[in-house]
Number of protein chains: 4
Amino acid sequence: MGSGYGRRVDSPSDARSRILDAAEELFAGGGYDATPTARIAAVAGVPKGLVFHYFPRKIDVLVSLVDERTLVTEEDPEPAPGDAARALSKLARRLPLTASPSMRRILFREADTHRSVKDRIHGLNSEIIRRARFALELALPGGRGDAARLEAAAATFAAVLLYQESIAHLTGHTIDADVVADLMATALAQFG
Amino acid sequence: MGSGYGRRVDSPSDARSRILDAAEELFAGGGYDATPTARIAAVAGVPKGLVFHYFPRKIDVLVSLVDERTLVTEEDPEPAPGDAARALSKLARRLPLTASPSMRRILFREADTHRSVKDRIHGLNSEIIRRARFALELALPGGRGDAARLEAAAATFAAVLLYQESIAHLTGHTIDADVVADLMATALAQFG
Amino acid sequence: MGSGYGRRVDSPSDARSRILDAAEELFAGGGYDATPTARIAAVAGVPKGLVFHYFPRKIDVLVSLVDERTLVTEEDPEPAPGDAARALSKLARRLPLTASPSMRRILFREADTHRSVKDRIHGLNSEIIRRARFALELALPGGRGDAARLEAAAATFAAVLLYQESIAHLTGHTIDADVVADLMATALAQFG
Amino acid sequence: MGSGYGRRVDSPSDARSRILDAAEELFAGGGYDATPTARIAAVAGVPKGLVFHYFPRKIDVLVSLVDERTLVTEEDPEPAPGDAARALSKLARRLPLTASPSMRRILFREADTHRSVKDRIHGLNSEIIRRARFALELALPGGRGDAARLEAAAATFAAVLLYQESIAHLTGHTIDADVVADLMATALAQFG
DNA sequence: TATGAATGAGTTTTCATTCAT
DNA sequence: GATGAATGAAAACTCATTCAT
């Protein structure tokens, strides 16, 4: 559970983190609507009232989670390496989205629940597509190429990256992003 | 909305269908949890109690929807045409899943709400991957080929088909399945 | 199940009997309030509507049950035999109440539910006490005796007879009415 | 009404007690099934939701009532006095059951509603029979005696003690336990 | 800050009863 | 008579949110 990235030291307002940890786990598991705030408090091991002390409305828990525990890095990746497949693979590993698997499932699943979540998903996706397109362009000899193909390849790759966990969760099949990167690069290299 | 495919004639006891129509629309829109049964009744134009008459528990509405309004066709497609890209494209259009766009969103989004939904998603996905693999094998010269690549291509294509609407809904980007089919076939044809 | 006394021939309105049989079983088991009419119909193997065809209100099922399946015989028992203990024993076996064990539990348990049930219980009890008193008077030498003792003995014996099944059901202890009869007669014979 | 024995001081959070008081009164009057939780809240003078706050399910009110407001005292009575009749009489007054008349009616009437109630009735009855047997053994000259008679006498006496109020309520006849005690002791003294 | 009792609007569920066929 | 769909009032239960302490 938790954001998965490092244990927080037991500090005064450590309770707040524990509440977010609990919410992350529960929202990813059963969904936002199906998770009572009392349950969050119980899992977090804090009294019910404290949840509302930190998060006046329930939706604030979700919004805070999304705001604080997902990060779309804005800075461009360093100039791509040699080939497109490698660039895509690198992108896969350096996803410009800092978010635990649980957080990705939440982003994905609760998109309609609150505008703030939906906005963030749009942002993420746009950013990933933009970078995938950038990386893939390297694969196109001469830089020209079929715009539609490039777009589809980029969007597909972005979807694989974004929804990897959800796909695995929902279908039981894991998709190896590196292999997909390789396929996309190979395919695009044929045209152009 | 509605079952999407064909209007039912106004027959005695089409109330049940109207309830399912309304539920399909509302579940796809706001989600299962956020939809009160009273709302379903109102949209269906039937009294509240009638929903219970047909579906003793709220979850039964969802389960019935999934059971009755999605169908994973079992029969194999006719022997594939000439090339893999065309075979995949055909698969895209003849998705072995009979379900309206709303139903796909529901399948996808409410997967954790009830086991029955999850089971069906598993079934769907397995079937689509199986067929995608079958179609893509055609693209591999000599029939040999890289199993991992084949698998990744098939799974990616299946994901695109299954989550097309959700991806569009969540990100605003439409993915053209035909183009993806073409890309996959092209990429695989390079190996083998 | 059923009144226990003889199987009814399959006749035109045999359904009515089956409904009463089912109600008897269910009311004795879970109580009147906790038994839905739909359940009665299901156990009786008749459509729900038929219950209301025969018994316009639910309470009519209970009232009919009580009216038709309990009978306080009005005629006095033949002039008592030799001694009081035997007279009481005989009373025990010829209880002036014709009712299956289930019906006795119902009478007992639903007494507050409807006046008709309460009235019948009063009637039953009065009659049994009257006869017990009559039988016990035989035990009193000279016919005189302590009125309070006689009354307590008669009421206790009546309670044992009436609530035998309920006591057994609720406590797991069976009371042998014959032995109690003997005890009462013996005790009273000491006074007088 | 209330638990009947002693008024609780108006202390913080006596709302829970008031809810139990109200439930005790209403369950004894109309029965568990016929008493809506809203009615309990109204009689207790608390908002509807508070009933749930303390008792997540309606049945918990009944179970708590039984668990908290009936007590089968475990300690043995002091060595019985001179004669059996007096020992039984004493038992009658020092019933090893601490429960208001309402609680006894509830125990008795709702026995089938929940296992916890039935279990308690069993416990009570066993204890009372055990003590009645103990007291009655004093009446048997030489300590020998007829086991069946002893058992019947004890069980009958226990039933009179336990169901006193219900019998009075259902039949209108009050049974004087002291007189029954005297009868039982007298009868047993004849044998042995 | 911290706490859990208190509140009440909203939801699900139950079910007796009606009624067209 | 027989049937099961239809109805709606009432009940149980949920839970976000408030608030006194």
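- Distances shown here put every side-chain N or O of A:Y54 at or beyond 4.0 Å from the OP1 or OP2 atom of E:dT1.
- With rounding to whole Å, A:R16 atom CZ is found 15 Å from E:dT1 atom C1'.
- Between the C1' atom of F:dG1 and the CG atom of C:D14 lies a distance of 15 Å, rounded to the nearest Å.
- For B:D60, there are no salt bridge (Lys or Arg N to Asp or Glu O under 4.0 Å) partners at least two apart in sequence or on another chain.
- Comparing A:I59 and B:V51 along DNA chain F, the residue whose closest nucleotide (by nearest heavy atom) sits nearer the 5' end is B:V51.
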Show me the donor-acceptor pairs, under 3.5 Å and distance only, between side chains in residues 32-39 of chain A and residues at least two apart or in other chains.
residue, atom, partner, partner atom, Å
A:Y32, OH, A:I59, N, 3.0
A:T35, OG1, A:G31, O, 2.6

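- Rounded to an integer number of Å, the gap from D:K48 NZ to E:dT11 P is 13 Å.
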### Task
Take A:R57 and A:V63 through the test side chain to side chain contact (heavy atoms under 4.5 Å, CB included) and record every step on the way to the result.
CA-CA 10 Å; A:R57 323 249 135 211; A:V63 170; over 6 Å; no
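- When all heavy atoms of D:A28 and D:R109 are compared, the pair lying nearest together is O-NH1, 4.0 Å.
- The distance from atom CZ of B:R18 to atom P of F:dA5 is 15 Å, rounded to the nearest whole Å.
- Judged by closest nucleotide on DNA chain F, C:V46 is the one of C:V46 and A:Y32 placed further toward the 5' end.
- Among F:dA6, E:dT1, E:dA6, the nucleotide with an atom closest to any side-chain atom of D:H53 is E:dA6.
- Here E:dT3 is the nucleotide among F:dA5, E:dA6, E:dT3 with the atom lying nearest to any side-chain atom of A:P47.
- Residue-to-nucleotide proximity on DNA chain E shows that, of B:R39 and D:G45, the 5′-proximal contact is made by D:G45.
- Note: CD1 (A:I40) to C1' (F:dC15) measures 12 Å, nearest angstrom.
- Residue B:L50 places its side chain closer to F:dA5 than to any other of E:dA6, E:dT13, F:dA5.
- Applying the side chain to side chain contact (heavy atoms under 4.5 Å, CB included) test to D:S64 and every residue at least two apart in sequence or in another chain returns D:R16, D:L20, D:F55, D:E68.
- Listed nucleotides: F:dC15, F:dA11, E:dA6. Nearest to the side chain of D:P36: F:dA11.
- If you check F:dT17, E:dG8, E:dA5 against the side chain of A:T37, the one that comes closest is F:dT17.
- Rounding to whole angstrom units, CG of residue C:L62 and C1' of E:dA16 are separated by 15 Å.
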### Message
What does the 5'-to-3' dot-bracket notation of DNA chain E look like when only Watson-Crick and G-U wobble pairs under 3.5 Å count, and pairs to other strands show as |?
### Response
.||||||||||||||||||||
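- Put simply, CG on D:D33 is 20 Å from P on E:dT13, counting in whole angstrom units.
- Here E:dC15 presents its P atom at 20 Å from CZ of B:F55, a figure rounded to the nearest Å.
- Closest approach to the C:K58 side chain among E:dA16, E:dA2, F:dG4 is made by E:dA16 (side chain taken as heavy atoms from C-beta onward).
- Taking CG from B:D21 and CG from B:L65, the interatomic distance works out to 9.0 Å, rounded to the nearest 0.5 Å.
- C:E165 contributes atom CD, which lies 4.0 Å from atom CZ of C:R104 (distance to the nearest 0.5 angstrom).
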Please tabulate the protein-to-nucleotide N/O contacts below 3.5 Å involving nucleotides 18-21 of chain F, giving atom names and distances.
residue, atom, partner, partner atom, Å
F:dT18, OP1, A:R57, NH2, 3.2

### Task
Tell me, with the steps shown, if A:L62 and A:I106 meet side chain to side chain contact (heavy atoms under 4.5 Å, CB included).
CA-CA 9 Å; A:L62 178 58; A:I106 292 170; 3.7 Å; yes
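- Residues meeting the side chain to side chain contact (heavy atoms under 4.5 Å, CB included) test with C:A111, sequence neighbours left out: C:I121, D:L170.
- Summarising the geometry of D:D112 relative to C:G29, their closest heavy-atom pair is OD2-O, 3.5 Å, with the distance given to 0.1 Å.
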